[in-house]
Amino acid sequence: MPEANVALHPRTPLTLRVFARARVSPFWVGLGLSAAWFLFYLLYSALLLDGPDRFWPSELGWALVIGMAPAVTAASLRGSARDLVDLAPALRVSAAELEELRREISTVSPGLLTTVGIVTALVTAAVAFQDETAWQGGQRRALGDPALVWYVGRNVVNWWLISRAVAIEVLLARAFSRLGARLPAVDVVDRTPLDPFGRRGLRSVLLWMLYLSLFSLQYALGTAEPILGATLLLVVAFAVAAFLLPVWGAHLRLREAKAEELARIRSQIGELRERALGAPPDQVSGGRLADLIAWEQRIASGGDWPFSGSTLLRFALYTAIGLGSWLGAAFVERLLESALD
């Protein structure tokens with residue numbers, strides 16, 4: 001099935017091949033990776049840090065963030081394969097052409113991902129070395145200090161995975177946008193065949209809002225870094241982009257088809273109007289003209305997005321999940337601080 005094979009392209013990143021071969025949900029695999037990372041932390045701290053410190057719950061939260069980043073991408077890829085199959089009638093493609101499109105949307109440039117990962121790793125390491133964790137007793141920790149190595153290494157791995165996941169998500173969204181722009185024909189009245197575009201955007205928003213809610217654990221535990229709060233605005237921006245980008249091409253195609261249909265109708269209305277104005281009163285028939293005017297009004301009042309109002313409502317709900325988790329966790333943190341002061 002497409003959703004089982006979408007991550008098996010030869011150029012698929014190694015981190016996703018684990019999910020592609022699994023027979024269970026990507027999220028179970030992600031939990032397995034999270035558990036493995038946390039066990040690695042326990043082993044590292046036992047050997048080099050005299051055992052886990054009081055911040056071990058925070059490390060458990062970061063383990064979930066690390067394991068779930070590729071899980072979100074794997075789930076998005078599987079869902080994209082299903083959406084592509086559902087779009088086949090609207091795209092008017094054969095089975096062979098559909099397979100080629102599947103291969104096209106699931107192909108990610110290794111060079112691009114490598115560049116994104118390296119840049120992210122360098123920036124993350126530079127920021128981590130400037131953090132207060134890099135200092136002890138007013139002096140900078142030695143580069144080989146096990147605590148510093150863990151802190152920097154964990155942050156680099158974490159943001160390296162996240163940056164690659166975001167890059168793949170954006171590339172998938174752009175691929176669906178290109179599919180929408182090349183639709184051979186669209187019905188400006190019945191937009192049901194284009195529903196998969198809206199589902200693709202909604203799924204992306206839901207997956208990433210659920211993922212971002214994992215960061216709220218750091219607030220609830222009182223271990224959130226100041227930079228996390230600054231990303232709250234980026235959460236909203238990313239949600240809007242994740243929703244709109246996959247449907248943008250179909251939106252442009254619908255707008256184009258709507259303009260063409262309105263031009264054709266108004267041309268016929270103009271012809272009938274001239275005919276009616278030049279005909280004797282007893283030969284004027286307004287039936288055809290009235291039908292065209294009614295049809296023009298229906299087309300003009302119709303939307304040119306491949307989704308309905310209920311889709312927008314769900315988008316708002318999914319976004320609220322991410323924002324609500326962060327705000328709720330920050331509120332809990334403040335309550336705990338007040339109670340302990």
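- Side chains of S204 and E169: a donor on one and an acceptor on the other come within 3.5 Å.
- In terms of heavy-atom proximity, L202 sits nearest to Y318 at O-CD1, 3.6 Å.
- Judged by distance alone, the side chains of W37 and E59 never bring a donor and an acceptor atom under 3.5 Å apart.
- Under a 3.5 Å cut-off, the side chain of S45 and the backbone N or O of Y41 do form a donor-acceptor pair.
- We find the CD-CD1 distance between E296 and I269 to be 4.0 Å, quoted to the nearest 0.5 Å.
- Side-chain atoms of E97 come within 3.5 Å of backbone N or O of S94 as a donor-acceptor pair.
- Between S34 and G67, the closest heavy-atom pair is OG-CA, 3.3 Å.
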Residue pair N158, W62: steps toward the side chain to side chain contact (heavy atoms under 4.5 Å, CB included) verdict: CA-CA 8 Å; N158 177 35; W62 286 120; 3.4 Å; yes
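- In plain terms, the two heavy atoms of A165 and A69 that are nearest each other are CB-O, 3.9 Å.
- Going from atom CZ of R92 over to atom CG of L98 covers 15.5 Å, rounded to the nearest 0.5 Å.
- For the residue pair A90 and L183, the shortest heavy atom distance occurs at O-CD2, 3.8 Å.
- The CZ atom of F307 sits 5.0 Å away from atom CG of L312, with the distance rounded to the nearest 0.5 Å.
- Residue I118 is not grouped with residue V166 when hydrophobic side chains (ILVMFWY) are merged at heavy-atom distances under 4.5 angstrom, including chains of intermediate members.
- Here the CG atom belonging to L101 is positioned 10.0 Å from the CG atom belonging to L87, to the nearest 0.5 angstrom.
- Between E260 and R264 the shortest side-chain heavy-atom distance does not fall below 4.5 Å.
- Aromatic ring orientation, F197 versus F176: perpendicular (interplanar angle above 60°, classes split at 30° and 60°).
- Aromatic ring pairs are classed by plane angle as parallel below 30°, tilted from 30° to 60° and perpendicular above 60°; the pair F38 and W56 is tilted.
- Of the possible polar contacts, one joining the T319 side chain to the F315 backbone as a donor-acceptor pair under 3.5 Å is found.
- With a 4.5 Å cut-off on side-chain heavy atoms, W295 and V189 count as touching.
- Under the 4.5 Å side-chain heavy-atom criterion for Ile, Leu, Val, Met, Phe, Trp and Tyr, V157 and F40 are members of the same hydrophobic cluster.
- Distance alone, capped at 3.5 Å, is enough to place a donor-acceptor pair between the T120 side chain and the V116 backbone.
- In this structure, L194 CG and R199 CZ are separated by 10.5 Å, a value rounded to the nearest 0.5 Å.
- Between V24 and R78, the shortest heavy-atom distance links the atoms O-NH1, 3.5 Å.
- Using a 4.5 Å heavy-atom threshold, the side chains of P306 and L254 count as touching.
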Start with the C-alpha distance between I162 and V65, add both sets of side-chain angles, then the distance that settles side chain to side chain contact (heavy atoms under 4.5 Å, CB included), and finish with yes or no. CA-CA 9 Å; I162 290 175; V65 170; 4.2 Å; yes
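- Residue L313 is not grouped with residue L317 when hydrophobic side chains (ILVMFWY) are merged at heavy-atom distances under 4.5 angstrom, including chains of intermediate members.
- Using a 4.5 Å heavy-atom threshold, the side chains of R314 and V205 count as separate.
- Proximity of L244 to H251: side-chain heavy atoms (C-beta onward) are nowhere separated by under 4.5 Å.
- Note on ring orientation: taking the six-membered ring where Trp is involved, the planes of W208 and Y211 are perpendicular (angle over 60°, cut-offs 30° and 60°).
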Under the side chain to side chain contact (heavy atoms under 4.5 Å, CB included) rule, what do L206 and R203 come out as? Steps first, then yes or no, please. CA-CA 5 Å; L206 178 60; R203 182 187 303 105; 5.7 Å; no
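- Residues L292 and I265 share a closest heavy-atom pair of O-CG2, 3.6 Å.
- In this structure, the side chains of L172 and L77 come closer than 4.5 Å at one or more pairs of heavy atoms.
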Applying salt bridge (charged side-chain N to carboxylate O under 4.0 Å, His left out) to D304 and R253, what does each step give before you reach the verdict? CA-CA 8 Å; D304 51 16; R253 186 69 184 88; over 6 Å; no
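- Interatomic distance, R178 CZ to R182 CZ, rounded to the nearest 0.5 Å: 8.5 Å.
- The backbone N or O of A300 sits less than 3.5 Å from a side-chain atom of K258, completing a donor-acceptor pair.
- A heavy-atom distance below 4.5 Å is not found between the side chains of L262 and V188.
- Side chains of R200 and S80: a donor-acceptor N/O pair is present below 3.5 angstrom, by distance only.
- No side-chain donor-acceptor contact under 3.5 Å links T124 to the backbone of N155.
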Would you sort out whether F243 and F238 count as a ring-ring contact (aromatic ring centres under 6.0 Å, His included), showing the intermediate values? CA-CA 8 Å; F243 178 65; F238 183 76; over 10 Å; no
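- Residues L122 and W160 do not share a hydrophobic cluster, defined by chaining ILVMFWY side chains whose heavy atoms lie under 4.5 Å apart.
- Listed for the S213 side chain is a donor-acceptor partner under 3.5 Å among the backbone atoms of L210.
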Test log, rule side chain to side chain contact (heavy atoms under 4.5 Å, CB included), inputs V149 and Y44: CA-CA 11 Å; V149 170; Y44 183 92; 3.7 Å; yes
